[in-house]
Amino acid sequence: MNALHVIGVMTAAVLKFFFSPIASYGWGNGFWETVLLVGSGGCIGALAFYLGSAPVLEWFRVRRLRKRARALDRGQRPKRIFTWSNRLIVRMKRGYGMQGLVFLFPPVLSIPITAVLAAKYFRSDKRTLPYLLCSVVAWSVVLSAAWKFIR
């Protein structure tokens, strides 16, 4: 295994988890090497985005509150809080819950988006990060097997 290929597959696993086994197989890696690279890259990305999202989410919260206060000071109506996208997120949160989010969405939404959503809505639940990491490992096995038989 070439170090550049390892870094490439792990980066692909962080950015677009669903297609990263294709990159690994394209560079000639076997099934277990692919599972290892995709799983470890996905776990590193999930950890980085889950743990690193707290300051970013706080910055956005403070920014939103400042904008709302400025609008009220100018006598304007503040922007609506419940937009269609916010309602969709709340429906998904209530419908799927934490387990649904961390087990269903990593391959669909990508690791960064799933980790940030998990951190935003389920940070207080101590099971969120372990479930997210287990989900990434399980999906790396499933996706590696699926892409092995498809190609």
Side-chain angles (χ1 to χ4, degrees), residues 1-67 79-151:
M1 267 193 292
N2 185 351
L4 185 61
H5 295 165
V6 170
I7 293 170
V9 171
M10 290 176 78
T11 303
V14 171
L15 299 177
K16 193 56 188 160
F17 188 65
F18 188 77
F19 295 110
S20 58
I22 296 173
S24 181
Y25 288 132
W27 279 320
N29 294 326
F31 174 74
W32 289 111
E33 292 168 327
T34 299
V35 169
L36 179 69
L37 292 175
V38 171
S40 59
C43 285
I44 289 169
L47 275 170
F49 282 96
Y50 183 84
L51 298 174
S53 65
V56 175
L57 292 173
E58 179 62 19
W59 180 80
F60 275 115
R61 187 186 72 79
V62 169
R63 180 176 174 242
R64 181 178 46 85
L65 291 174
R66 271 195 224 128
K67 278 185 164 183
K79 284 181 126 181
R80 288 185 7 194
I81 295 175
F82 289 107
T83 62
W84 68 270
S85 59
N86 288 347
R87 288 183 182 155
L88 176 67
I89 290 170
V90 168
R91 255 185 271 144
M92 286 176 30
K93 179 184 172 188
R94 287 185 180 164
Y96 294 110
M98 184 260 300
Q99 290 90 356
L101 175 77
V102 299
F103 283 112
L104 295 177
F105 293 135
V108 178
L109 290 178
S110 80
I111 298 290
I113 295 171
T114 303
V116 169
L117 287 176
K120 178 174 173 119
Y121 294 112
F122 302 107
R123 184 174 291 281
S124 61
D125 192 344
K126 299 295 182 200
R127 301 171 299 167
T128 304
L129 186 58
Y131 279 11
L132 182 60
L133 296 177
C134 289
S135 170
V136 168
V137 170
W139 274 110
S140 69
V141 173
V142 169
L143 291 175
S144 296
W147 285 115
K148 181 167 180 68
F149 292 115
I150 289 175
R151 66 175 185 111

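Position 1 is the first residue of the sequence, and the numbers go up from there.
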Please evaluate residues Val116 and Val56 with respect to the criterion side-chain contact (heavy atoms from CB on, under 4.5 Å), reporting the C-alpha separation (whole Å), side-chain torsions for both, the decisive distance (0.1 Å), and the verdict. CA-CA 10 Å; Val116 169; Val56 175; over 6 Å; no

Thr11 and Ile7: CA distance, side-chain angles, deciding distance, side-chain contact (heavy atoms from CB on, under 4.5 Å) verdict: CA-CA 6 Å; Thr11 303; Ile7 293 170; 3.9 Å; yes

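- Here the closest heavy-atom approach between residue Leu57 and residue Ala119 is recorded as CD1-C, 4.3 Å.
- Counting heavy atoms from C-beta on, the side chains of Ile111 and Leu132 never come closer than 4.5 Å.
- In this structure, Ala46 and Val136 approach most closely via the heavy-atom pair CB-CG2, 4.4 Å.
- Between Ser53 and Tyr50 the shortest heavy-atom distance is OG-O, 3.0 Å.
- In this structure a side-chain-to-backbone donor-acceptor pair under 3.5 Å is missing from Thr128 to Ala118.
- Considering CD1 of Ile44 and CE of Met10, their distance stands at 3.5 Å, rounded to 0.5 Å.
- Side-chain contact check for Val38 versus Phe17: some heavy-atom pair is nearer than 4.5 Å.
- Between the side chain of Trp147 and the backbone N or O of Ser20 there is no donor-acceptor pair closer than 3.5 Å.
- Remark: aromatic rings of Phe105 and Trp139 are distant, center separation not under 6.0 Å.
- With a 4.5 Å cut-off on side-chain heavy atoms, Asn2 and Trp27 do not count as touching.
- Taking a 6.0 Å sphere around NZ of Lys16, one finds it holds more than 12 heavy atoms contributed by other residues, nucleotides or ligands.
- A 4.5 Å side-chain heavy-atom check between Val14 and Phe49 finds at least one atom pair inside the cut-off.
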Go through the steps to decide whether Leu143 and Thr34 satisfy the test side-chain contact (heavy atoms from CB on, under 4.5 Å), and finish with yes or no. CA-CA 10 Å; Leu143 291 175; Thr34 299; over 6 Å; no

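- Checked by atom type and distance alone, the side chain of Ser144 never pairs as donor or acceptor with a backbone atom of Val141 at under 3.5 Å.
- Remark: Ser124 OG to Met98 CE distance equals 9.5 Å, nearest 0.5 Å.
- For the residue pair Thr114 and Leu101, the shortest heavy atom distance occurs at CG2-O, 3.9 Å.
- The backbone N or O of Pro21 lies less than 3.5 Å from no partner atom in the side chain of Ser24, so there is not a single donor-acceptor pair.
- Residues Phe103 and Tyr96 form no side-chain contact, since every pair of their non-hydrogen atoms from C-beta on lies 4.5 Å or further apart.
- When ring centroids are compared, Tyr131 and Phe122 stay outside the 6.0 Å threshold.
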